[in-house]
Structure formats: structure tokens, C-alpha cells
Number of protein chains: 2
Amino acid sequence: MDDSPHYRPLYRQVYDFLVRQIAEGAWRPAEALPSEQALADKLGVSQGTVRKALDVLAVEKLVERRQGKGTYVAEHTQERALFRFFRISEPGGERSFPTSADETARRRPARPVEARKLHLDKGAQVVEISRTRLIDGKPAVLERSVLPVALFPDIDKRRPLPNALYALYQQEFGVNIVSADEELRADAATREDARLLGLQPGAPLLHIERVAIALDGKRVEWRVSRCNTTHLVYAVTLS
Amino acid sequence: MDDSPHYRPLYRQVYDFLVRQIAEGAWRPAEALPSEQALADKLGVSQGTVRKALDVLAVEKLVERRQGKGTYVAEHTQERALFRFFRISEPGGERSFPTSADETARRRPARPVEARKLHLDKGAQVVEISRTRLIDGKPAVLERSVLPVALFPDIDKRRPLPNALYALYQQEFGVNIVSADEELRADAATREDARLLGLQPGAPLLHIERVAIALDGKRVEWRVSRCNTTHLVYAVTLS
DNA sequence: GAGTGGTCTAGACCACGCA
DNA sequence: GCGTGGTCTAGACCACTCT
């Protein structure tokens, strides 16, 4: 019946404590945590136990360890966050830096599909951010992100939006994206797609749907991207 | 000039030793390694050091650890290998078991693009395996795998081929696939695609190119899949 | 109960970054 | 030279599996 563990190892408890602290913003992104020894003394455990907890956090990319310097809260910088979750690149692995155009942001009630994807109550308010992403200056991806207003108050009043939205989520709203479930398929360009991307209607497009997951496990963004893959690819390493 | 580390930690040397042993087949897939203590005694290091090496191997999915039982050489079984690298599923995460049809295998010289992708000499012999993958009994994916004959002698004489090719590579040829670089794009169905998949020519198809990497870092398979994503998706988690 | 991996400790020393 | 994380050891005890 009950297959939950009968106990939680000490290093897991330390891990939980540290996750809570980071989530609450006890240390800001890019800031250093106390040293392993300091944390160990404070928590009344050995350094090795703190170390094990930090190792797990590092694997999950919540912190970054730098030998000789310290342990830092991981930061969603432009470069890093962008290339961690933005998988569009040139064939062969050349990575092009995307820019944005035609940004719009508006607030409205969630549609049923959005409420389902984000586990929201029917009719909850969301913000929809639409933008065209350019690669080498040419329109390549149509991107539509849907966020619960509750988590991102007044994000629709911010203009312009930064290139890397996840850095904004983290720094301004305390929402830390740690993973993203994506589903891809090929679809035909609609007239609207074709107009915005400079294609023929019916041309093949890569359709990507993403649910982004935050530190606390909550689903915080639903994003649909429609990508012209004539000169680009979606690159990913399975392991 | 030389940024290689000035030393290699002991646990890394143990790791290297164990990788070599596994690659050479000192223990067969699904077989248990000696216990941590036994390895430590044999290698003249502490149990903790062996442990750390085994932890790395476990993260890389080269071994599997089972508390109370032992450490086992990871096995590319049907279920596991299939769902580790076969990312096609029904929307929402339902995983359907694929079957195969219309297998053909033939031997020929590598084409330039194949020689480049697999780092082969021009004109090296390869085996091309083509098959149609069915999901729920319906043709869904056209798959073409290209392998260097040198690594897979007489694989073209084996019929029928198993559902999970990577299990065959591992068990019969000692080639252990540990990761795969994939590039995806949308493409239009050719007449041939359309005929085999029951689509209209020009319909959008998901085109997937994969380079599979073995334990020793060598590129051992180039695979092109063309997938009808009308009722299926390519699902992946970024983290 | 015996044997395995999993956790935890305490202490030593090493490699690195910086002042 | 000091403080940080990284490695290594030896030993204890815990949780799990099988006999």
C-alpha cells in the first residue's frame, strides 16, 4: 500500500533545507552559499553530508561549484539559459544567437487546453506573450508563451522583454525553471505562419509544445513554438 | 597549450579501469561485478574510492546498482534501450511499443555524407538496415541505419533483426551505445515516403538524424528516421 | 544471519583562486 | 598564505535481499 520511504537520509534533509532556502531567496542568484564547513556547523552534521547534498544540487544545476572559490546559486544568464532550453541551431551544431521582434503581451482567461496543461482552475487569468524569434536577422520561430498571472504579476506591463525569459522569471519573480517537457511534431504552415515566416502556406513546420517545470515541481509555462527548419534544426543529445 | 589535467584522481583511474574491463567484456551484460570491497582490495584503494567510481558509472548508465544485491553491468533490454533512445510516443506520454516490418539489410561502400558523419575513410564498407516501424500496427516511421561493417561483421546476414538494435549491438558485437546526438526538422513527404506511410506526397514529416556514440566515444551508427506525426509526437525532457 | 550497497562521520591532504 | 571545494581513507552503522 504505502511504498514511501520509511526514512529520509540526512543528506536528503539537508538537500530539502537548501532547496527551501534557495526557493525563498535566502541567497540571490549568482551569490555564494556559506562554505560546506559553515553549513555543516550550523546544521550540526558532518561536512561530508552537506557535501553530498550540494553535489545533488549541482547535478540538478541549482547551484554551481567552483573549486577554490565557493558554491554559487545558479543563474539563468542570457547565454546559459538560452542554450540550455533553446535547442534550435544550425545543422552541425553551430549555435546562432536569437533575437526577438513583434512582441505582444496580453492578459486573458486561460483556455481549456492551457488550464489543463498548467493545472489551473478553469478561467484563471493568464498572460500570453507572443514574439517572433529571428536568427541571423531572419524570422525563424513563432513563439507563444502562456503563464499564470498569479505567479507573474504585471509581467504583461514590462516592455521590452529580455531575450531570455527564464532569466526574467528567476530574477524578478523568483520562479526557477529547472526542466522542460517538450513534444515535437511536423505540421503544415497556416496562412498566418507562412506570412510571418516568409514561407508558402502548407510548407512543413516544426511544431514544439513545452511545459516548463519550476523548482517546486509546478508547471509554470506552456509554450508553443512553430519553427521554420529549412536552414535550422532542433538539436538534442539523448543519454 | 596543454590544458589536460596535471593528474587524474584515483577514483578516475579506477573508473577508467572498470570501463576498460566492461568494454572488453570481463563481465557480461546483466552480470554482477565484484563487490565494492572486493574491488577495493584487489586494486589497493579504499572502498569509498571504488564507490565513487561506480557512482559515476551508474550515472552514465553503464552499471546498475541494487541495494542488498550488487552492481550489475547495464543491459540494453528491449524495454529499456527502446524507451531510452526511441522518443516517439503518443501525445501526453503514453508509450506505444513499436514493431518492425519490411526489413532489408545490404552491404555497400559508404556515401560521402555517411563517411563524414561516422568519421570513416572514403569508400569504407557499411551495412544499411532499412525498416518500417509500426505503432499500433500502423506504419509510422521509416528508419534507415548505417553501420561500419568493420564493427558489425556479418550483421547483414542476420534475419530477422530484433526490435531493439542496440541490444543486438551490445550482446553480439560488444558495442555499447551510451549516447545519441539527434537533429530534427520538418520536411515534406516524398512520393516514396507517402506510399510507405499512407500519406499524401508533400505532407509534413518529422525528419530525425542521429549519430549514436559508443562507450569508447566512437561514432558507430548514423540513423535517419522519417516519422508521420499526425497521431504521434517526439517527446523529450530538457534539464 | 551473512553479504551487499547506502549513509554518516572525522580527519588528512591536495588543487585552485585570490589577495 | 588562507579559504574554498575536491579527493582519499578507515571505520561504523543502516537498509535491503536472499537463504
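This one's a predicted model, so the numbers in the text were calculated from it and none came from an experiment. Below, read A as the first sequence line, B as the second, and so on, with proteins coming before strands; counting in each chain starts at 1.
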In this structure, how many angstroms lie between the [atom2] atom of [N] and the [atom1] atom of [X], rounded?
X: B/Leu57; N: C/dG5; atom1: CG; atom2: P; value: 13 Å
X: B/Arg8; N: C/dA15; atom1: CZ; atom2: P; value: 15 Å
X: B/Tyr15; N: D/dG6; atom1: OH; atom2: P; value: 19 Å
X: B/Leu54; N: D/dT7; atom1: CG; atom2: P; value: 16 Å
X: A/Gln37; N: C/dA12; atom1: CD; atom2: P; value: 13 Å
X: B/Asp41; N: C/dG3; atom1: CG; atom2: P; value: 14 Å
X: B/Leu33; N: C/dG5; atom1: CG; atom2: C1'; value: 13 Å
X: B/Arg51; N: C/dT4; atom1: CZ; atom2: C1'; value: 10 Å

Nearest heavy atom decides the nucleotide; on that basis, is A/Ser46 or B/Glu36 closer to the 5' end of DNA chain C?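 Comparing both residues, the 5'-ward one is B/Glu36.
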
Both A/Gln67 and B/Pro34 contact DNA chain C. Which one's nearest nucleotide lies toward the 5' end?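 Comparing both residues, the 5'-ward one is B/Pro34.
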
Among the nucleotides [options], which one has an atom lying closest to any side-chain atom of [X]?
X: B/Leu10; options: D/dG5, C/dT7, D/dT9; answer: D/dT9
X: A/Ser35; options: D/dC8, C/dG6, D/dG5; answer: D/dG5
X: A/Pro9; options: C/dG5, C/dC8, D/dG5; answer: C/dC8

Selection residues 171-180 of chain B - residue pairs positive for salt bridge (Lys or Arg N to Asp or Glu O under 4.0 Å), sequence neighbours left out: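 Residue pairs with at least one partner in residues 171-180 of chain B: B/Arg158-B/Glu172.
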
Determine: side-chain N/O of [X] to OP1/OP2 of [N], distance under 4.0 Å, yes or no.
X: B/Thr49; N: D/dT7; result: no
X: A/Lys52; N: C/dC8; result: no
X: A/Lys69; N: D/dG5; result: no
X: B/Thr71; N: C/dG5; result: yes
X: A/Arg65; N: D/dT4; result: no

Donor-acceptor contact below 3.5 Å, side chain A/Ser35 vs main chain A/Ala38: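 Checked: pair present.
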
Is there a donor-acceptor pair closer than 3.5 Å between any side-chain N or O of A/Arg131 and the backbone N or O of A/Glu143?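 No; judged by distance alone, with no hydrogens or angles, the pair does not exist.
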
Indicate the ring-plane relationship of B/Phe152 and B/Tyr169, choosing parallel, tilted or perpendicular according to the 30° and 60° boundaries.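 Tilted, since the angle between the ring planes falls between 30° and 60°.
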
Judged by each residue's nearest nucleotide on DNA chain D, which is more toward the 5′ side, B/Val50 or B/Gln47?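 Looking at the nearest nucleotide for each, B/Val50 comes out on the 5' side.
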
Side chains of B/Val220 and B/Leu147: closer than 4.5 Å at any heavy-atom pair?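 No, every pair of side-chain atoms sits at 4.5 Å or beyond.
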
Quick one: label B/Arg66 by what it contacts on the DNA or RNA (base, sugar-phosphate, nothing), any heavy atom closer than 4.0 Å.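 Sugar-phosphate contact only.
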
